[in-house]
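When reading the values below, keep in mind they use all heavy atoms of this one structure, side chains included, and skip hydrogens, waters and symmetry mates.
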Amino acid sequence: MTQEEIKKAIIGQILEIAPDIEEHDIVADKNLQRSLEIDSFDFLKILTALNAILGVEVPEKDYAKVDTLEHMTQYFVKNLPQ
Amino acid sequence: MSNFVMPSLGADMESAVLMEWLVKEGDHVTKGQVVAEVETSKGVIEIEVFEEGIIEKILIKEETECTVGTPLAYIRTADEKPPQETTEEPQRIKASPAARRKAKEMGVDIASLAATGEINLANVEKLAVQTPKLATSDGMRQAIAKAMSRSNAQIPHYYLSTSINMTPALAWLENFNANRTITQRILPAALLIRAVVKALKEVPQLNGFWEDNEHRISESIHPGIAIALRKGGLITPALMNAHEMGLDETMHALGDLITRTRSTKLRNSEMTQQTITITNLGDLGVESVLGVIYPPQVALVGLGRIMDAPWAQEDTLCVRKVMQATLAGDHRATDGRTGGLFLEKLNHILQNPQELL
């Protein structure tokens, strides 16, 4: 899976969980939860859905590394099973 | 024979639209079965029957607006004979679903259109242009306004607050979650609800109602959980039978409740049987909340955002995860002493999180 495909998958899940958000609302370097008003429950839902698609489980201690769209994409690129 | 009537889905509701029947005449229904969906200012609610029997006659057609208490169907218990025919025609307003939606959106009363004949989208839009739109035309805002005005007028509130060191509970939870898969992860919100429920078992006076000038304590604990909707607005559906749940069950039920609230798939029992309210401001909110009690409940627990704060422990000053827990109590039902005892129990429970399993 390419970096671009991973980014698409993340955006897809955000739009799925929060259907009122438009794709252009998601700014690459802004805190996802704060800028899009995603609470901890919806954030966990997004990570759970991405785990099912990408096979990468984000432990709670790594939440700081997946705070923006950019960081989350990089995190999955780095941790994707070979 | 009994009438199955349009239930009141909250003290502020006057009418709702019966959207869809999920049963037909002649069907056997059991207690707690969802038989219809109604649309209220709080979204689509699934309504249940509270007795076993057979749907003898359906009185109201789909997409009909009815006031609370309007008979919707006759239910016959198994040992009853079929009844005599009835000629009573309930009053209803015919309108297409699109017109109804538009009318609601634009704050147009469809009853005022009924006299002019057909109600369609074009008619509604025409009337909307003539009617100035008020800032409060949104149904949910109006419903909240009514309930809160009633609360403030009737309930003599008292407020208490305490700071709780959440570091032990959060550290315990982090460690607990580290050994589990992502689908089994527990959120702090579930831990907090479980802790409140446990504290309520020890101080049950806060869990119940003030009705007919009497304080009635409820044995079951159905906390109303304040859930923000993504498009604005707030609903506090009940987490039914929370007193019977461990931590995993609480998390599972909370997830299910949030998902159904946000996709507007709640049941009438969840809209009407709350015994107390919990407002958890979570990770995005402010430090503390002094809430307004939903009548006929007698208390509201407010949990503020957990944040890093200076904390004195023995003779050292350190930084801890701190949460402001508040209690709004109905002074007719309880005194500050009871409320204080509750906050003290809640604090004690959260210092021993392993007991929350």
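Enclosure of atom CD in Gln351(B) by more than 12 non-hydrogen atoms of other residues, nucleotides or ligands within 6.0 angstrom is indicated. Heavy-atom contacts from other residues, nucleotides or ligands closer than 6.0 Å to NZ of Lys7(A) number 12 or fewer. Within 6.0 Å of the CD atom in Glu23(A), the count of heavy atoms belonging to other residues, nucleotides or ligands does not exceed 12. When the shell of 6.0 Å around NE2 of His243(B) is examined, it contains more than 12 heavy atoms from other residues, nucleotides or ligands.
Summarising the geometry of Glu174(B) relative to Glu60(A), their closest heavy-atom pair is CA-OE1, 3.9 Å, with the distance given to 0.1 Å.
If you tally non-hydrogen atom pairs under 4.5 Å between each of Ala190(B), Ala178(B), Gly255(B), Ala228(B) and chain A, the highest count goes to Gly255(B).
To the nearest 0.5 angstrom, Leu47(A) atom CG is 5.0 Å from Ile182(B) atom CD1. Taking CZ from Phe43(A) and CG from Leu187(B), the interatomic distance works out to 11.0 Å, rounded to the nearest 0.5 Å.
Contacts between Tyr63(A) and chain B at a heavy-atom distance below 4.5 Å involve the side chain alone, from C-beta outward.
Residues Lys45(A) and Thr259(B) have side chains in contact (heavy-atom distance under 4.5 Å, counting atoms from C-beta outward).
Taking 4.0 Å as the cut-off between side-chain N and carboxylate O, Asp20(A) and Arg262(B) do not count as a salt-bridged pair.
Close approach to chain B, defined as a heavy atom under 4.5 Å from one of its heavy atoms, is seen in Asn51(A), Glu57(A), Val58(A), Pro59(A) of residues 51-59 of chain A, taken by number.
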